Amino acid sequence: MMMLSIAIRVAMLLLITNLIAGSLRHASAATRHVVQLIGLLVALLVPISRIARPEWSPIPMPAVPSFVGGATDLIATSIDSASTGGRLNTVLLLMWAMGVVVVLTRMVVGQLALARWQRQAYPVRSPEWRKAIARVAEYVPAARRVTFLECRGIDVPCTWGTVHPTVLLPGEDGKWRAKERDYALLHELAHVRRFDWTTQLLGRLACALHWYNPLIWRTARSAALAQEEACDDDVLANDVVASDYAALLIEASKANTHHSTSILPVLALARATGTETRIRSLLDARRRRAPVNRRTLATILTLGTALSFSITTA
């Protein structure tokens, strides 16, 4: 059965991906994120490659029975087996489709909620946020038009979008100090430069396609956490004191009580989950924080391509 074949291949792929990522625990978060991201992307492409590639199998030659009754029984048994297998395939396909619809529906609901946030937002009015944006202007990607908005309905800064990304800032309440505004903007702009919103969206699509596989959810969570740690490393690269930035993340995770942030397709500064791991990483002086260089990226892509080709054609 093709569905079983796809499930086995994806499980093998994700198992290898998690083993490799686990062996790189001393590497930078950016490197671990690339490894996990490639695993998710290949998992997304495996069903397409299996459907596009024709399935060849030899035609079995039934043994010639020595009596008529035996031939009749053989034909009847083959028909019953084929009928049972067809019904099983139909049931599995329906169950899979229902799961995909549920996950995609959640994504659509989140997108609609995000559209409502955008309607409620307005151009930045706060003089403090405007000053902070001016201070970090050199970190805004020149090739992409970043829109800064303000909204009183959110607790922490967040970002979304690919072609024209948006950074949404909390409405002015006097709780943010100048350096905290700078740290928050540096983190969100790191997401923009790394195209994290796009890669996370692709990861969610992979989860929708393979919702029945617990490894896909584990890999997606690990990739999202590594992604946040990589952006934290980018912030520290700007001579930011790790303890000061860690204190901001703790306060932001406590303040982020908006129930929609778990559904909204946005990249928030901090969430209730994963903050402890990020804090430990920030305060670990031995942690490697360098971004992925071209040589490392080329090596990972080459190995990922070879692995995906081996699994999809096995």
Side-chain angles (χ1 to χ4, degrees), residues 1-27 29-58 81 84-107 196 198-230 262 265 273-274 277 292 296-297 299-314:
M1 294 183 294
M2 181 174 292
M3 287 190 61
L4 180 60
S5 173
I6 292 173
I8 292 174
R9 283 167 167 75
V10 171
M12 291 171 56
L13 168 70
L14 296 176
L15 181 60
I16 295 173
T17 299
N18 282 277
L19 289 175
I20 294 175
S23 67
L24 297 174
R25 60 184 179 275
H26 297 301
T31 301
R32 288 184 281 110
H33 177 245
V34 170
V35 171
Q36 293 158 340
L37 176 62
I38 290 177
L40 291 171
L41 294 180
V42 175
L44 188 61
L45 296 175
V46 165
I48 300 175
S49 65
R50 291 294 298 164
I51 294 173
R53 184 169 62 89
E55 192 80 23
W56 298 98
S57 58
S81 299
T84 303
R87 286 194 297 268
L88 179 60
N89 281 334
T90 302
V91 171
L92 291 176
L93 184 61
L94 288 175
M95 292 176 60
W96 170 79
M98 290 174 60
V100 172
V101 169
V102 169
V103 180
L104 291 179
T105 299
R106 179 181 174 88
M107 293 176 63
D196 283 340
T198 304
T199 57
Q200 191 171 92
L201 178 62
L202 293 174
R204 291 187 178 190
L205 291 175
C207 290
L209 199 60
H210 305 288
W211 58 266
Y212 53 86
N213 191 333
L215 285 174
I216 198 77
W217 297 99
R218 183 183 188 279
T219 306
R221 285 193 299 269
S222 298
L225 181 56
Q227 173 181 272
E228 293 297 335
E229 291 182 25
S262 60
T273 59
T277 302
V292 180
T296 303
L297 180 60
T299 301
I300 296 175
L301 288 175
T302 301
L303 294 176
T305 302
L307 176 62
S308 60
F309 180 80
S310 300
I311 290 177
T312 56
T313 60

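What you see is a predicted model; the values in this text were computed from it and never measured. Position 1 is the first residue of the sequence, and the numbers go up from there.
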So which heavy atom on [X] is nearest to which on [Y], and how close?
X    : Y    : value
A21  : Q36  : CB-NE2, 3.7 Å
A29  : A226 : CB-O, 3.6 Å
W96  : L209 : NE1-O, 2.8 Å
V10  : N213 : CG1-ND2, 4.1 Å
A220 : C207 : CB-SG, 3.5 Å

Does the side chain of [Y] come within less than 4.5 Å of [X]'s, by heavy atoms?
X    : Y    : result
L201 : M107 : yes
H210 : I6   : yes
E229 : L225 : yes
L205 : L104 : yes

Quick one: pull up [atom1] in [X] and [atom2] in [Y] and give me the separation to the nearest 0.5 Å.
X    : Y   : atom1 : atom2 : result
H33  : L24 : NE2   : CG    : 14.0 Å
L45  : L40 : CG    : CG    : 11.0 Å
L15  : L19 : CG    : CG    : 4.5 Å
W211 : M98 : CH2   : CE    : 8.5 Å
R32  : I20 : CZ    : CD1   : 14.0 Å
I38  : T17 : CD1   : OG1   : 9.0 Å

Quiz item: Testing I300, L202, T219, T199 for side-chain contact (heavy atoms from CB on, under 4.5 Å) with L37, which one passes?
Solution: T199

